[in-house]
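I have placed the structure first, in the form of structure tokens, so that the comments after it can refer back to it.
This chain uses plain numbering: 1 for the first residue, then up along the sequence. Scope of the values below: all heavy atoms of this structure, side chains included, with no hydrogens, waters or symmetry mates.
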Amino acid sequence: MFSTQSQSNSDSPSSSSVSVHSAGSVHRIKFCQWCGGPAKHEIPDGEEKIRAICTLCGKIAYQNPKMVVGCLIEHDRKILLCKRNIEPSFGLWTLPAGYLEIGESAADGAIRETWEEAGAEVEIISPFAQLDIPLIGQTYVIFLAKLKKPQFSAGPESSECCLFELDNIPFDSLAFSSIFVTLNLYIEDVKSGKVKFHYGTINKRLGTGPSDIRAFTLDYHLQV
């Protein structure tokens, strides 16, 4: 399926055992977001990473990963997917998901994104996967969910929504590695007879784009 370093464990891992990769790219900030002054790039006192520091007011700009939340919806043993109507990965299939907004929980954000992209009202069942992608500074949190009523329709960011049987999921036309991993893990769980919670780090190969969905390794895979 894909290259993985896997571990099954119901206990929390110790920090010393976690495989850490620091190849993530950082946006080069040129101007201060507070006063508009020019920024310099150096390591502040007491820190270890290069930061953007305003040359006028001295404030430091910290860049943090973004959280993407979404739903894996099963209905009649089929999975709801959306065909993207926007870049990146225009015309490819994905789970309904998007960036978490300020003021909402991860579950609330997943429900909202599902409504916006698939016109579907859902009920969250449980968290299914957390997938970190250090290279692009994103963390995916995907929830298992069910339709409140069997109705859905494409939103502005989707050109089409469709229920796929597990054997007919278009793996050659998926939008992102995170979706590729999530769906494969779910199918494996269904075949084993037990749906688990998964954590893993998707380490994308340098120089690859969003649509290079197989250009990665899944490291430190935990399943509970």
Side-chain angles (χ1 to χ4, degrees), residues 1-4 65-75 77-100 106-107 109-118 120 122 124-147 152 154-155 157-191 195-205 208-219 221 223:
M1 180 181 66
F2 41 71
S3 177
T4 176
K66 293 184 177 181
M67 181 177 288
V68 178
V69 293
C71 288
L72 195 167
I73 304 156
E74 184 184 50
H75 181 74
R77 297 187 62 82
K78 298 177 181 178
I79 300 297
L80 181 63
L81 298 180
C82 303
K83 182 177 284 188
R84 287 177 62 82
N85 197 36
I86 56 172
E87 295 290 357
S89 302
F90 177 90
L92 300 177
W93 293 94
T94 184
L95 295 170
Y99 290 118
L100 184 68
I111 291 170
R112 172 186 54 77
E113 285 290 342
T114 300
W115 172 253
E116 292 176 357
E117 296 187 3
V122 297
I124 297 292
I125 298 172
S126 66
F128 175 69
Q130 177 184 330
L131 300 169
D132 297 333
I133 314 177
L135 185 65
I136 59 175
Q138 291 182 358
T139 288
Y140 273 72
V141 176
I142 302 295
F143 294 88
L144 292 178
K146 62 182 180 180
L147 294 173
F152 54 86
E157 296 185 0
S158 305
S159 60
E160 184 180 352
C161 296
C162 185
L163 288 167
F164 288 90
E165 295 181 353
L166 297 185
D167 291 338
N168 293 324
I169 289 175
F171 279 103
D172 290 333
S173 301
L174 294 179
F176 307 111
S177 297
S178 54
I179 306 304
F180 180 83
V181 171
T182 299
L183 291 171
N184 271 292
L185 292 175
Y186 181 73
I187 290 173
E188 286 186 352
D189 283 359
V190 170
K191 289 180 178 178
V195 176
K196 310 178 188 74
F197 173 75
H198 298 267
Y199 169 80
T201 300
I202 296 176
N203 282 302
K204 296 279 289 185
R205 288 204 293 269
T208 60
S211 298
D212 298 316
I213 63 170
R214 290 179 170 83
F216 72 94
T217 59
L218 178 62
D219 298 326
H221 177 206
Q223 35 192 333

For this session: Kindly give the heavy-atom pair with the smallest separation between C161 and S158, and that separation in Å.
Result: SG-CB, 4.4 Å

Exercise. So do the side chains of K146 and I73 get within less than 4.5 Å of each other, counting heavy atoms only?
Worked result: no

Problem set entry | Nearest-0.5 Å distance, NE2 of residue H75 to CG of residue L163 | 6.5 Å

Exercise. Ignoring hydrogens and geometry, is there a side-chain-to-backbone donor-acceptor pair from D212 to G209 under 3.5 Å?
Worked result: yes

Exercise. Do V181 and L131 have side-chain heavy atoms sitting under 4.5 Å apart?
Worked result: yes

Problem set entry | Over all atoms of both residues, closest heavy-atom pair of S211 and L92 | OG-CD1, 3.8 Å

Exercise. So, does E74 use its side chain to make a donor-acceptor pair with the main chain of A145 at under 3.5 Å?
Worked result: no

Exercise. Between R77 and D167, is there a salt bridge with N-O shorter than 4.0 Å?
Worked result: no

Problem set entry | Criterion side chain to side chain contact (heavy atoms under 4.5 Å, CB included) on V69 and M67, from CA distance to verdict | CA-CA 6 Å; V69 293; M67 181 177 288; 3.9 Å; yes

For this session: Quick one: pull up CD in Q138 and NZ in K66 and give me the separation to the nearest 0.5 Å.
Result: 8.0 Å

For this session: Decide yes or no on side chain to side chain donor-acceptor pair (under 3.5 Å) for E113 and Y99, but give the supporting numbers first.
Result: CA-CA 8 Å; E113 285 290 342; Y99 290 118; over 6 Å; no

Exercise. Is I79 close to L72 at the side-chain level, that is, under 4.5 Å between some pair of heavy atoms?
Worked result: yes

Exercise. Looking at S159 and R84, what are the two nearest heavy atoms and their distance?
Worked result: OG-O, 4.3 Å

For this session: Is it possible for you to check whether K204 lies under 6.0 Å from the centre of the six-membered ring of F216, through NZ or CZ, and within 45° of that ring's axis?
Result: no

For this session: First locate atom NZ of K78, then atom CG of L166, and finally report the distance between them rounded to the nearest 0.5 Å.
Result: 10.5 Å

Exercise. Does the distance from a Lys or Arg side-chain N to an Asp or Glu carboxylate O, for R112 and E116, drop under 4.0 Å?
Worked result: yes

Seminar exercise, completed: Heavy-atom nearest pair, E117 first then L95, reads OE1-O, 4.1 Å

For this session: Check whether any side-chain heavy atom of I124 sits under 4.5 Å from a side-chain heavy atom of F143, and report yes or no.
Result: yes

Exercise. Just by modelled atom types, is the F180 backbone N or O under 3.5 Å from a matching donor or acceptor in the N184 side chain?
Worked result: yes

Exercise. Can the ring centroids of H221 and Y199 be said to lie less than 6.0 angstrom from one another?
Worked result: no

Problem set entry | Steps toward side chain to side chain donor-acceptor pair (under 3.5 Å) verdict (D132, T139) | CA-CA 4 Å; D132 297 333; T139 288; 2.9 Å; yes

Problem set entry | SG-CG distance between C162 and L80, expressed to the nearest 0.5 angstrom | 8.5 Å

Exercise. Within a strict 4.5 Å, meaning less than it, do heavy atoms of the L185 and F128 side chains meet?
Worked result: yes

Exercise. Under 4.5 Å between any side-chain heavy atoms of Y140 and I202, yes or no?
Worked result: no

Exercise. What's the shortest heavy-atom distance between L144 and V195, and which atoms?
Worked result: CD1-CG1, 3.5 Å

For this session: With the side chain counted from C-beta on, respond yes when L81 and L183 share a heavy-atom pair under 4.5 Å apart, and no when they do not.
Result: yes

Problem set entry | Minimum side-chain heavy-atom gap F176-P88 below 4.5 Å | yes

For this session: Measure the OG1-CZ distance between T208 and R214 for me, rounded to the nearest 0.5 Å.
Result: 13.5 Å

For this session: Looking only at non-hydrogen atoms, find the nearest pair between A120 and L147 and report the distance.
Result: CB-CD2, 3.7 Å

